Number of protein chains: 2
Amino acid sequence: MENVTIKDVAKYAQVSIATVSRVLNDNYPVSKETKEKVLKAMNELNFKPNSIARSLKSNITHLIGVVLPDISNSFFMEIIKGIDSVVSKEEYSLILSYTDENFERELNVLKRLSQKRVDAIILASSNTDNKYVDDLIKENIPVVLIDRKIKNSNVDVIASDDFGSAYTLTKYLIEMGHKDICIVNGNLNVSTGIERYEGFKAAMMDHNIEIKDDFILNGYYSWEKAYEEVKKLIVDKKIVPSAIFAANNRMAEGTMLVLKENHLKIPDDVSLVTFEEIENQKLIEPKLTCIKQNALLMGKKAGQMILERIKDKEANPKEIVVVSDLVINGSVKKIN
Amino acid sequence: MENVTIKDVAKYAQVSIATVSRVLNDNYPVSKETKEKVLKAMNELNFKPNSIARSLKSNITHLIGVVLPDISNSFFMEIIKGIDSVVSKEEYSLILSYTDENFERELNVLKRLSQKRVDAIILASSNTDNKYVDDLIKENIPVVLIDRKIKNSNVDVIASDDFGSAYTLTKYLIEMGHKDICIVNGNLNVSTGIERYEGFKAAMMDHNIEIKDDFILNGYYSWEKAYEEVKKLIVDKKIVPSAIFAANNRMAEGTMLVLKENHLKIPDDVSLVTFEEIENQKLIEPKLTCIKQNALLMGKKAGQMILERIKDKEANPKEIVVVSDLVINGSVKKIN
DNA sequence: GTGAAAGCGCTAACAT
DNA sequence: ATGTTAGCGCTTTCAC
């Protein structure tokens with residue numbers, strides 16, 4: 001009963017293996033009788049086509065590699081759900097890898113996926129300078145970038161308007177009267193990190209507000225790092241900004257804990273905004289004013305894109321921008 | 001440059017394909033000179049071994065299927081991290097699938113994994129009656145159950161002591177003076193759901209406390225369901241229990257929102273305990289008294305187990321219980 | 001409508 | 001130490 005092959009089925013049904021294959025794929029004429037005979041044989045022997053062998057012939061593995069920096073972040077989990085909901089309908093499975101924002105690890109993972117001959121890769125790279133993507137494409141493995149862009153690569157991209165949204169969010173703080181605004185930056189090797197920072201700077205500059213050196217913190221998209229950096233500012237340096245802009249949800253969470261531990265109330269003592277909603281937002285007081293990205297939709301679009309790309313590798317790369325919303329909650333104090 | 005095979009390398013280096021294979025695997029004697037010649041050829045042609053072809057020969061895919069009910073739950077994400085940290089060292093990749101507690105979907109996913117010829121499967125089944133697991137094992141695909149057991153299957157298991165922990169947690173409530181305790185059950189088709197309920201009942205019975213029908217809620221491990229059910233009890237029926245036992249974190253979150261919306265303070269108005277810590281616990285007042293499982297460790301153990309099992313399919317199945325802690329926080333009121 | 005046979009890229013037994 | 005060859009399970013072209 002173990003590892004029944006097409007050959008066994010053929011013998012059992014007393015036909016050739018070619019016929020079995022034809023029944024299996026239903027792509028060539030087979031007489032009704034033989035077809036039934038074969039199907040019966042398959043059933044009785046509990047035959048399952050070996051997809052490895054199929055892949056070897058067809059060069060199609062029905063495997064999509066998904067490479068993300070942080071799988072505990074619900075933002076990326078939503079993306080996975082979005083991707084899966086689209087591609088699983090076409091019988092694709094996802095190989096999930098995460099990199100922890102570590103570029104070396106990312107390269108290893110990509111290499112492994114390439115050897116596994118995945119049909120395509122969906123990538124949120126931890127480095128704008130990822131040159132390996134070009135190699136992948138040369139090797140005929142299409143890549144769709146999600147959330148994070150890279151330099152010089154002529155590939156499909158699905159991302160948010162990080163610059164614009166950061167600008168909007170900062171502008172909102174400014175219009176609420178804030179000037180002493182601290183930014184907790186994300187990973188500045190990453191397009192989103194850079195663009196959010198640029199958006200922030202542009203808004204500040206456009207309103208002629210100076211950004212103090214002390215108020216530029218590097219949180220690398222990490223909860224812990226953000227916690228440390230904000231703590232250094234507030235506890236060690238004893239500087240309390242009027243508002244804090246956290247460049248992602250994890251860092252907003254770390255920031256909130258510092259504030260909580262030091263009995264600084266949001267928004268009375270410090271205002272806080274974040275790029276991407278924090279976990280369990282609904283249960284936390286106050287809800288944070290934030291940019292809310294549509295991660296599920298991004299995932300779905302990426303799934304569609306990758307399916308199209310697998311079918312047509314020559315089409316011109318597309319860049320899709322998924323709009324994010326500014327959600328105003330009660331975490332920003334109005335200053336006269 | 002595209003799809004260089006062992007054959008191309010052989011021609012380029014002017015040796016036989018066998019020699020190339022030998023260099024590739026470094027498992028047979030090859031003279032230093034030829035070896036270098038071949039390595040050079042590989043390099044210059046940018047050769048990458050086709051792991052599909054290898055798999056076809058060896059029957060080893062270096063793929064492990066991971067099937068989980070809910071990937072947005074940090075509990076399961078930690079499990080993935082644990083698994084990955086162990087198996088990626090041995091060059092395994094993970095195919096991730098989630099089932100949303102839907103058993104049909106689970107069966108589909110398992111079938112797909114079996115056809116993909118994964119080397120093994122790590123499964124948190126959404127039904128104790130999963131008989132397909134036996135088929136998988138017959139097909140020579142080892143299975144390790146994680147978190148959730150199934151009936152009658154002679155397979156490796158790595159789980160928590162759900163009964164015991166639920167008993168402990170309930171006993172704690174009782175010792176704090178609670179009698180009107182409401183349980184929000186998980187999925188009662190699942191071993192954890194059942195055992196947690198059983199543990200709860202046993203503790204109640206041992207202390208001669210009657211469980212009221214109104215206080216047995218079915219939340220199916222779903223945030224939304226729990227929210228609905230608790231709301232029905234508290235808002236529609238206008239019954240406020242003295243304490244609530246939520247059988248997992250998502251349901252505790254749903255429950256908390258109902259309480260919050262109805263201005264019921266924890267623990268003053270209602271006490272609440274949960275099986276597994278909620279997301280962003282640190283930022284939420286009050287922190288919930290809970291059973292804290294060691295998900296990362298469970299994942300690591302599962303990873304080790306699966307590697308051992310792949311190496312030795314005949315060894316007797318093991319069952320490992322990972323201990324959970326009762327973490328007492330301020331969410332339970334002491335009643336005289 | 002069906003069968004024979006080549007071949008996908010690789011490994012390993014056998015031969016030299 | 002190296003080459004020749006069969007074969008892993010399947011698809012597909014070419015005969016009939």
Side-chain angles (χ1 to χ4, degrees), chain A residues 1-39 41-42 45-63 91 114-119 139-141, chain B residues 1-39 41-42 45-63 91 114-119 139-141:
Chain A
M1 272 302 177
E2 187 186 307
N3 279 344
V4 185
T5 76
I6 210 178
K7 220 167 157 181
D8 302 320
V9 176
K11 197 185 285 173
Y12 191 90
Q14 308 196 55
V15 295
S16 75
I17 59 165
T19 303
V20 178
S21 172
R22 282 172 194 129
V23 173
L24 195 58
N25 296 290
D26 202 19
N27 52 357
Y28 285 90
V30 178
S31 83
K32 210 175 169 185
E33 295 161 24
T34 32
K35 191 170 183 175
E36 271 168 18
K37 219 166 40 174
V38 171
L39 287 174
M42 284 181 174
L45 295 177
N46 190 25
F47 166 77
K48 293 199 187 150
N50 183 329
S51 66
I52 308 279
R54 282 182 150 176
S55 296
L56 186 58
K57 274 300 280 187
S58 64
N59 262 319
I60 296 171
T61 54
H62 276 275
L63 247 24
E91 296 289 316
S114 135
Q115 277 186 217
K116 286 248 154 61
R117 295 294 203 268
V118 295
D119 291 345
E139 287 168 25
N140 220 13
I141 301 181
Chain B
M1 272 300 177
E2 188 186 305
N3 278 344
V4 186
T5 76
I6 212 180
K7 221 166 159 180
D8 302 320
V9 176
K11 195 184 285 171
Y12 191 88
Q14 308 195 52
V15 295
S16 75
I17 60 163
T19 303
V20 178
S21 172
R22 280 171 196 131
V23 172
L24 195 57
N25 296 290
D26 202 18
N27 52 357
Y28 284 91
V30 178
S31 84
K32 213 176 167 182
E33 295 160 23
T34 32
K35 192 171 183 173
E36 271 167 19
K37 219 166 40 175
V38 172
L39 287 173
M42 285 181 173
L45 296 177
N46 190 24
F47 166 76
K48 293 203 185 143
N50 183 328
S51 66
I52 309 279
R54 283 181 149 175
S55 295
L56 186 58
K57 274 299 281 186
S58 64
N59 263 317
I60 295 172
T61 54
H62 276 276
L63 247 27
E91 297 289 318
S114 135
Q115 275 184 218
K116 285 248 153 60
R117 296 294 203 268
V118 295
D119 291 344
E139 286 169 25
N140 220 12
I141 301 182

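A, B, ... follow the sequence lines: proteins, then strands. Residue 1 opens every chain. No experiment lies behind these values; they were computed from the predicted model shown.
Of the residues near DNA chain D, Y28(A) and S16(B), the one whose nearest nucleotide (by heavy atom distance) lies more toward the 5' end is S16(B).
The side-chain hydrogen bond (donor to acceptor under 3.5 Å, both in side chains) check on D119(A) picks up T61(A), with sequence neighbours excluded. In this structure K7(B) satisfies the side-chain contact (heavy atoms from CB on, under 4.5 Å) test together with T5(B), I17(B), sequence neighbours excluded. The salt bridge (charged side-chain N to carboxylate O under 4.0 Å, His left out) check on K35(B) picks up D26(B), with sequence neighbours excluded. Every residue two or more places apart in sequence or in another chain that forms a side-chain hydrogen bond (donor to acceptor under 3.5 Å, both in side chains) with E91(B) is listed here: R112(A). With sequence neighbours excluded, the residues forming a side-chain contact (heavy atoms from CB on, under 4.5 Å) with S21(A) are I6(A), N25(A), listed by chain and number. Looking at residues two or more places apart in sequence or on another chain, you find no salt bridge (charged side-chain N to carboxylate O under 4.0 Å, His left out) involving K11(A). In this view, N59(A) satisfies the side-chain hydrogen bond (donor to acceptor under 3.5 Å, both in side chains) rule with no residue, not counting sequence neighbours. The salt bridge (charged side-chain N to carboxylate O under 4.0 Å, His left out) test applied to K48(B) returns E139(A), not counting sequence neighbours. Considering only residues two or more places apart in sequence or on other chains, K116(B) meets the side-chain hydrogen bond (donor to acceptor under 3.5 Å, both in side chains) condition with S93(A).
Judged by distance alone, the side chain of T19(B) and the main-chain N or O of V15(B) form no donor-acceptor pair under 3.5 Å.
Contact footprint of chain A on DNA chain C: nucleotides with an atom under 4.0 Å from a non-hydrogen protein atom, first to last in 5' to 3' order, dG1(C) to dG9(C).
Overall, the helix from dG1(C)-dC16(D) to dT16(C)-dA1(D) carries an axis bend of 50° between its ends, with five pairs at each end and the value rounded to 10°.
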Using a 4.0 Å heavy-atom cut-off to protein, can you give one letter per nucleotide of nucleotides 6-11 of chain D, 5' to 3': B if the base is in contact, S if only the sugar-phosphate is, - if neither? -BBBBB
